[in-house]
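Step one of this worksheet: look at the structure below.
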Amino acid sequence: MKLEESFYQRDNVTKIAQELLGKCIFTRTGGKVTAGIIVETEAYSHREQGSHAYRGKTKRNQVMFEAGGVAYVYLCYGIHHLFNVVTNSKDVADAVLIRALEPKLGEKQMLRRMNTSSLQGITSGPGKVAKAMGIDRRHNGVPLWDNEIWLEDGIPIIRSKISASERIGIAYAGKDAFLPWRFTITGNSWVSKP
DNA sequence: TACGTGATCACG
DNA sequence: GTGATCACGTAA
């Protein structure tokens with residue numbers, strides 16, 4: 001079952017980031033379907049300095065201000081595409097970064113996109129997730145209940161299997177860099193390193 | 001541990 | 001216009 005708009009259009013982004021663990025992301029690009037179970041997320045609230053939306057709307061972050069349930073994809077370090085799920089209501093710019101997946105479908109296609117022959121670590125990191133799934137900036141703003149990128153129920157993750165830690169790579173965010181808003185499925189081998 | 005890589009943003 | 005900066009990955 002695809003997740004509905006109402007799943008995304010709620011207020012509590014850290015709760016949604018945890019609920020996204022175990023959900024399954026699908027993409028269809030170039031006629032090829034790939035899918036994976038989400039095993040690592042990070043929550044970004046417009047109210048804290050880690051968020052691109054902290055200083056208001058800009059050309060880059062404008063889709064974060066749309067109603068929840070669309071993709072926010074941007075280019076990072078000139079090389080990597082990063083994929084976020086926009087949450088909350090219109091003009092309240094919250095989002096969840098998808099940092100790692102466990103591949104479930106279309107592994108062969110993922111290997112080709114990553115130009116490798118081993119599945120190990122192929123989706124363990126946000127840049128790799130987007131590349132392996134064929135996501136790039138053309139997908140910025142696409143709805144997540146359509147047929148390019150969508151999310152479905154996957155496996156239930158109970159609370160005691162979720163670990164929280166500090167988010168990665170946001171030292172610029174001052175004290176907000178210490179918020180424990182990175183969530184992982186405890187012990188899952190597809191989680192990214194640190 | 002170093003650095004590639006290019007869009008973006010806050011300045012003039 | 002311009003320059004510092006960046007929600008990463010890889011090689012070393």
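Order of the sequence lines fixes the chain letters, A, B, ..., with proteins taken first and strands second; residue numbering starts at 1 for each chain. Computed from heavy atoms alone, side chains included, the values below leave out hydrogens, waters and symmetry copies. From a predicted model like this one, the values you see are computed outputs, not experimental measurements.
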Euclidean distance, atom [atom1] of residue [X] to atom [atom2] of [N] [Å, nearest integer]:
X        : N      : atom1 : atom2 : value
A:Arg55  : C:dA7  : CZ    : P     : 12 Å
A:Tyr77  : B:dA7  : OH    : C1'   : 14 Å
A:Tyr54  : C:dA7  : OH    : P     : 15 Å
A:Leu75  : C:dC6  : CG    : P     : 15 Å
A:Lys131 : C:dT10 : NZ    : C1'   : 11 Å
A:Arg60  : B:dC9  : CZ    : P     : 5 Å
A:Lys57  : B:dT8  : NZ    : C1'   : 17 Å
A:Ile98  : C:dC8  : CD1   : C1'   : 16 Å

Task: Paired nucleotide for B:dG4 [Watson-Crick or G-U wobble; both distances under 3.5 Å] - done: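 Base partner found: C:dC8.
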Open item on the list: With a 3.5 Å limit on both atom pairs, tell me what B:dG12 is paired to, counting Watson-Crick and G-U wobble, or say none.
Closed with: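 Its partner is none (no Watson-Crick or G-U wobble pair with both distances under 3.5 Å).
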Using only side-chain N and O atoms of [X], determine if any of them is under 4.0 Å from OP1 or OP2 of [N].
X        : N     : value
A:Arg137 : B:dT8 : yes
A:Thr58  : B:dC9 : yes
A:His80  : C:dA7 : no

Task: Closest heavy-atom pair and its distance - A:Trp150, A:Thr27 - done: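 Closest approach of A:Trp150 to A:Thr27: CZ3-C, 4.4 Å.
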Open item on the list: If you compare all heavy atoms of A:Ser45 against all heavy atoms of A:Trp181, which two are closest, and at what distance to 0.1 Å?
Closed with: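 Nearest pair, atom of A:Ser45 first, then A:Trp181: CB-CZ3, 3.8 Å.
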Task: Pairing of A:Glu66 and A:Lys90 as salt bridge, 4.0 angstrom limit - done: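 Salt bridge between A:Glu66 and A:Lys90, a charged N being under 4.0 Å from a carboxylate O: no.
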Open item on the list: Distance to the ring centre below 6.0 angstrom and angle to the axis at most 45 degrees; does that hold for A:Arg10 and A:Phe7?
Closed with: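 A:Arg10 over A:Phe7 ring: yes.
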Open item on the list: On the six-membered ring of A:Tyr44, is A:Arg167 placed so that its NZ or CZ lies under 6.0 angstrom from the centre and within 45° of the ring axis?
Closed with: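 Verdict for A:Tyr44: a cation-pi partner in A:Arg167.
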Task: Along DNA chain C (nearest heavy atom to each residue), the more 5'-positioned of A:Met114 and A:Ile170 - done: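 Looking at the nearest nucleotide for each, A:Ile170 comes out on the 5' side.
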